[in-house]
Amino acid sequence: MKLLSGKTALVTGASRGIGRGIAIKLAQQGANVIFTYSASAQKAEELATLLQQEGVKALAVKSDAADYNAAEALIATILAEFTTIDIVINNAGITRDNLLMRMTEAHFDEVIATNLKSVFNITKAVQKQLLKQRSGSIINISSVVGVKGNAGQANYAASKAGIIGFTKSVALELGSRNIRCNAIAPGFIETEMTDALNPETVKQWREAIPLKRGGTADDVANLCVFLASDWSTYITGQVINVDGGMLT
Ligand code: NAP
């Protein structure tokens, strides 16, 4: 018996990187997966086909995570096809790195809207259904940078710290209805997002990590499976680092 058989999951931003890895692991564990993307239509369709090969239902939806009305439409689309939404993984995110001196207002607003407001948009839109079900696991992808801060990432760190406050508040508010909400704080996970970094910086990061390597999408996805499953039914309001010991 697979861990997530019969459950339905929503993953935002899964056409690439960590989200893609999460979608694959969820499908391998028997969950039906609806996932979103913003631009990578071909990659998204290829992923939907791959997920279906696991014998589950899979649907790719182009939906801007920063758009409140789009989140409502997305949840309505899912409920037209599925009777429950059991797992919600808020993963979509962007970086617009710069020193504060050079950071534009537009880049600050864009990062907050895509990374933080998106979590509000989806959680707000799905809340009614989760309350009706009296069950649900919400998993928000934060970052170690949201815990520690990072020079050159004031906008990104603020968005990821905001996710932690939001996660804990939702856990307190909805716990009595058996709705759990946890955050994952990945460290340095090697994806297209980190490919944009200076190779010398990447080398230094790897050397500074106790486990001496960057993480993989699978490292984060494995924790998502656990938090989504009935193996974690007494865990809520937590921020769990997946960082190879980076913050230890
Ligand atoms: P990535 O490789 O750049 O992938 C980002 C994904 O988000 C893509 O599928 C992208 O879709 C989607 N996306 C971007 N903007 C969107 C929007 N407005 N609406 C819907 N989808 C959108 O990033 P990643 O490294 O996998 O990161 C995934 C999450 O983990 C992010 O929240 C990130 O902050 C967090 N994280 C990453 C690391 C790391 O080291 N990589 C560390 C800590 C936390 P398109 O392909 O259509 O653009």
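Note that these values count all heavy atoms, side chains included, but never hydrogens, waters or copies made by symmetry. Both ligands and their constituent atoms are indexed starting at 1 by order of listing.
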Does this structure show an ion pair linking [X] with [Y], if we count only N-O contacts that are shorter than 4.0 Å?
X	Y	answer
Arg102	Asp97	no
Arg213	Asp219	yes
Glu46	Arg16	no

Part of [X] with heavy atoms under 4.0 Å of ligand 1, whether side chain, backbone, both or neither:
X	answer
Ala185	neither
Glu190	neither
Ile94	side chain
Ala217	neither
Thr191	side chain

What atoms of ligand 1 come closer than 4.0 angstrom to any heavy atom of [X]?
X	answer
Ser63	19 (N), 20 (C)
Ala39	45 (P), 47 (O)
Ala92	7 (O), 21 (N), 22 (C), 32 (O)
Thr114	15 (N), 18 (N)
Ser143	43 (C), 44 (C)
Gly17	2 (O), 26 (O)

Less than 3.5 Å between some nitrogen or oxygen of [X] and one of ligand 1, yes or no?
X	answer
Thr36	no
Ala66	no
Ser15	yes
Arg16	yes
Asn91	yes

Check contact between [X] and ligand 1, using heavy atoms of the residue and a distance below 4.0 angstrom.
X	value
Thr12	no
Lys160	yes
Gly215	no
Gly214	no

Looking at [X] and [Y], what are the two nearest heavy atoms and their distance?
X	Y	value
Lys168	Val239	CE-CG2, 3.9 Å
Ile75	Ala125	CG1-CB, 3.6 Å
Ser137	Ala228	OG-CA, 3.9 Å
Met246	Pro210	N-CD, 3.8 Å
Met103	Arg96	CE-O, 4.4 Å

For [atom], the protein heavy atom that lies nearest, with its residue and separation:
atom	answer
atom 19 (N) of ligand 1	Ala65 N, 2.9 Å
atom 18 (N) of ligand 1	Asp64 OD1, 2.9 Å
atom 12 (C) of ligand 1	Gly13 CA, 3.5 Å
atom 5 (C) of ligand 1	Gly93 O, 3.9 Å
atom 43 (C) of ligand 1	Pro186 O, 3.4 Å
atom 36 (N) of ligand 1	Tyr156 OH, 3.4 Å
atom 46 (O) of ligand 1	Ser40 OG, 2.4 Å

Exercise for the section: Please assess Arg180 against Glu173 for the test salt bridge (charged side-chain N to carboxylate O under 4.0 Å, His left out), listing each intermediate value before the final yes or no. Expected result: CA-CA 10 Å; Arg180 299 183 295 114; Glu173 215 170 298; over 6 Å; no

In Å and rounded to the nearest 0.5 Å, what is the [atom1] to [atom2] distance from [X] to [Y]?
X	Y	atom1	atom2	answer
Trp205	Asn198	CH2	CG	10.5 Å
Asn91	Thr36	CG	OG1	8.5 Å
Lys117	Phe120	NZ	CZ	7.0 Å
Thr95	Asn115	OG1	CG	8.5 Å

Handout entry: Side-chain donor/acceptor of Gln52 to backbone N/O of Ala58, under 3.5 Å
Key =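 Yes; judged by distance alone, with no hydrogens or angles, the pair exists.
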
Problem - Side chain Gln129, main chain Thr83, donor-acceptor under 3.5 Å - result: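 Yes, the answer is positive, given that a donor and an acceptor are paired below the 3.5 Å cut-off.
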
Handout entry: Pairwise side-chain contact, Asp67 with Ser118, heavy-atom cut-off 4.5 Å (strictly under)
Key =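 When only atoms from C-beta onward are counted, Ser118 and Asp67 do not touch, as no gap falls below 4.5 Å.
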
Problem - Test item: Asp218 and Lys25 side chains (from C-beta on) under 4.5 Å apart, heavy atoms - result: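 Sidechains of Lys25 and Asp218: in contact.
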
Handout entry: Options Ser142, Gly187, Ala113, Ser118, ranked by nearest heavy atom to atom 44 (C) of ligand 1, top entry
Key =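 Looking at heavy atoms only, the winner is Ser142.
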
Practice task
Using heavy-atom distances, let me know which of Val145, Ile189, Ile18 sits nearest atom 37 (C) of ligand 1.
Solution key: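 Looking at heavy atoms only, Ile18 sits closest to atom 37 (C) of ligand 1.
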
